[in-house]
Amino acid sequence: MTNPEQIVVPEHILDRDCTTLSRHVLQQLQSFGPEAQDLSAIMNRIALAGKLISRRLSRAGLMVGVLGFTGEENVQGESVKKMDVYANEVFISVFKQSGLVCRLASEEMEKPYYIPENCPIGRYTLLYDPIDGSANVDINLNVGSIFAIRQQEGDDLDGEAKDLLTNGRKQIAAGYILYGPSTMLIYSLGHGVHSFILDPSLGEFILSEENIKIPGHGPVYSTNEGNFWQWYEAIRDYTRYVHRHDGYTARYSGALVGDIHRILMQGGVFLYPGTVKKPEGKLRLLYETAPLAFLVEQAGGRATTGTEEILDVIPSKLHQRTPLVIGSTEDVKLVESFIQDRIRRDNSTMNNC
Ligand code: AFP
């Protein structure tokens with residue numbers, strides 16, 4: 001018989017070590033019903049995709065045919081990297097026979113991938129950006145995958161996926177996988193934000209932190225200031241403000257997931273605003289800005305286009321882009337105040353003409 005006093009690892013640590021992602025989903029939903037089982041299984045599949053991508057990234061420089069471009073362009077007109085193609089196909093492959101989803105919609109595919117009729121078909125849709133920040137892959141810096149889960153509404157017989165053209169509040173779950181020094185999975189089912197770390201010795205994502213709360217304010221502003229002269233005056237005003245005031249510091253990696261992760265943990269604001277030539281900005285609503293907005297709001301932060309909450313935006317097409325201002329409530333409000341100020345000034349100039 002084991003004497004409990006001889007156990008050297010405290011019970012709560014052992015318990016945490018045993019909290020895998022699928023167990024955590026069931027705990028969150030407080031149910032073992034079919035819906036909870038499905039969501040738990042979906043998260044498990046996303047985790048499997050993350051493990052496969054993480055494994056390939058960790059050896060990318062040693063393998064043939066992993067780094068660099070394919071020579072093709074995606075639906076966004078951007079050059080496709082070999083890792084983008086691999087990661088996109090990994091998600092399809094892990095979900096194809098799962099019986100959990102009916103469609104997968106990705107930044108890399110013009111139209112959603114429909115589960116073939118000879119495979120079991122589920123009622124959920126997975127939306128994802130397989131490798132976000134893929135320019136970082138070739139130089140061994142952080143990249144990520146972003147995902148969201150929605151329930152299919154209607155039968156989508158015409159294959160247009162029009163039911164996905166709804167606001168981000170329809171997301172059931174969202175999160176990202178960060179491929180950094182360790183591989184992390186952060187997710188929310190609408191009950192707080194929780195993080196998991198891939199333990200390579202176990203091959204499992206293990207709970208690292210529950211109910212993450214973003215600080216109300218942080219020192220970091222994260223944006224590509226190379227676009228300064230392409231931005232609208234309001235964003236330039238904000239940037240001048242942080243340059244002239246103590247307590248701000250800039251951090252930008254060129255990979256959204258890493259930059260958002262820093263802000264989620266330490267506070268601050270990330271901006272990818274529209275430019276005069278591209279008022280809609282660069283980031284895609286369904287695969288990037290809406291999932292991250294869902295997560296950051298669940299952590300107590302905010303996400304806006306500058307004039308509208310990201311989660312209220314109704315897209316008119318699958319690959320719609322939105323400007324993004326996301327992070328700590330106080331810091332997002334500060335950016336908004338510069339935008340509102342410019343709108344007021346522009347309106348009064350027009351009224352005086
Ligand atoms: P990809 O997903 O096409 O690799 O683009 C990366 C990204 O969407 C996002 O991760 C970055 O924050 C942003 O673009 C970087 O864009 P800039 O190079 O224009 O700053």
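Just so you know, these numbers use all the heavy atoms, side chains as well, and skip hydrogens, waters and symmetry mates. Atoms within a ligand are numbered from 1 in the order they appear, just like the ligands themselves.
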Only pairs under 3.5 Å count here: list side-chain donor-acceptor contacts from residues 39-52, not counting sequence neighbours, and write none if there are none.
| unit_1 | atom_1 | unit_2 | atom_2 | d |
| --- | --- | --- | --- | --- |
| Ser40 | OG | Ser22 | O | 3.2 |
| Arg45 | NH1 | Val94 | O | 2.9 |
| Lys51 | NZ | Gly203 | O | 2.8 |

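Heavy-atom neighbours of Asn224 CG from other residues, nucleotides or ligands within 6.0 Å: above the threshold of 12.
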Determine, stepwise, if the pair His261 / Tyr176 fulfils side-chain hydrogen bond (donor to acceptor under 3.5 Å, both in side chains).
CA-CA 9 Å; His261 187 67; Tyr176 59 76; 2.7 Å; yes
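A ring pair (Phe, Tyr, Trp, His ring centres under 6.0 Å) check over residues 272-323, counting only residues at least two apart or in different chains, returns the pairs Tyr287-His319.
In terms of the side chain to side chain donor-acceptor pair (under 3.5 Å) criterion, residue partners of Asp163 (sequence neighbours excluded) are, by chain and number, Arg103.
Within 4.0 Å of ligand 1, the residues that place a heavy atom are Glu78, Glu107, Asp129, Ile131, Asp132, Gly133, Ser134, Asn224, Tyr252, Gly254, Ala255, Leu256, Phe270, Tyr272, Lys282, Leu283, Arg284, Glu288, listed by chain and number.
By the criterion of side-chain heavy atoms lying less than 4.5 angstrom apart, applied directly or through intervening Ile, Leu, Val, Met, Phe, Trp or Tyr residues, Val193 is grouped together with Val296 in one hydrophobic cluster.
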